[in-house]
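Remarks on the structure that follows.
Any value given below was found using the heavy atoms of this structure, including those in side chains, with hydrogens, waters and symmetry copies removed.
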Amino acid sequence: MSARDEILRRIERVTPTRPAAEVAAAYERIDRAYRRRHHEGDVIGLFAERVADYRATVLRVAPSGLPGAVAERLAARPGSYGVPSDLPPEWVSEVSAPLVRDPSVAALDGLAGAVTGCAVAIAETGTIVLDHGAAQGPRALSLVPDYHLIVVRAEQIAPDVPDALARLAPVRPLTFVSGPSATSDIELSRVEGVHGPRTLEVLVVA
């Protein structure tokens, strides 16, 4: 028996797995009488403000101006960019930089950045959530390159966390992005780019 199997066997002995029906019933009994929505006003404005608080660059663009905005942001950083194969082609129709669709893991470190969409965004916390579905690519694409440009459509912005979670499928891999990667674990000195992109830019399409 491997060490892993032994550890799992001990855990199972202490906390045996409950039948799925029992787990589902317990989940349904959870009291959800808490307030689920705190914002009724300018949700887009609140989201942009909160994202900017994390030292991210936030730009609001009209749908017709999105291709030009993407091209402008990428032109400021020479190099090639990784994009998901199903990224809407109109988003990058004006980009002159080389685009690598579905880059291999080995190629990620050599990219100038990545361009993706998202699954949902949360105005209250300034958080963007990727479930690595349509227009988002695999998790590595959003974590390895030093620069990440995310396109957020207005209808994807949820006012609060409960609303956002209700839009997400818990069985999917979820990546929560709250600004550029940063840590202060060592002597409380802020270091950026350790766990993900050093630079985050967000285009809010509204």
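A cation-pi arrangement is absent between Arg18 and Tyr27 under the rule of less than 6.0 angstrom and at most 45 degrees off the ring axis.
In this structure, a donor-acceptor pair under 3.5 Å is absent between the side chains of Ser142 and Thr116. Side-chain atoms of Ser85 and Arg101 include no donor-acceptor pair closer than 3.5 Å. Donor-acceptor pairing under 3.5 Å is lacking for the side chains of Thr199 and His148.
Cluster membership check: Val151 does not share its hydrophobic cluster with Val43, using side-chain heavy-atom separations under 4.5 Å among Ile, Leu, Val, Met, Phe, Trp and Tyr. With hydrophobic clusters built from ILVMFWY side chains whose heavy atoms lie under 4.5 angstrom apart, Val92 shares a cluster with Tyr147. Using a 4.5 Å cut-off between side-chain heavy atoms of Ile, Leu, Val, Met, Phe, Trp and Tyr, with links allowed through other members, Leu143 and Leu141 fall into different hydrophobic clusters.
Here the CG atom belonging to Leu149 is positioned 4.5 Å from the CG atom belonging to Leu203, to the nearest 0.5 angstrom. Ile128 contributes atom CD1, which lies 4.0 Å from atom CD1 of Ile150 (distance to the nearest 0.5 angstrom). Note that OG1 of Thr175 is 9.0 Å distant from CG of Asp131, once rounded to the nearest 0.5 Å. Note that OH of Tyr81 is 5.0 Å distant from CG of Leu74, once rounded to the nearest 0.5 Å.
A salt bridge is defined here as a Lys NZ or Arg NE, NH1 or NH2 lying under 4.0 Å from an Asp or Glu carboxylate O, and Asp5 with Arg9 fails to meet this definition.
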task = Start with the C-alpha gap between Asp86 and Gln136, add the side-chain angles, then the distance that decides, and say whether side chain to side chain contact (heavy atoms under 4.5 Å, CB included) holds.
result = CA-CA 8 Å; Asp86 59 352; Gln136 297 164 67; over 6 Å; no
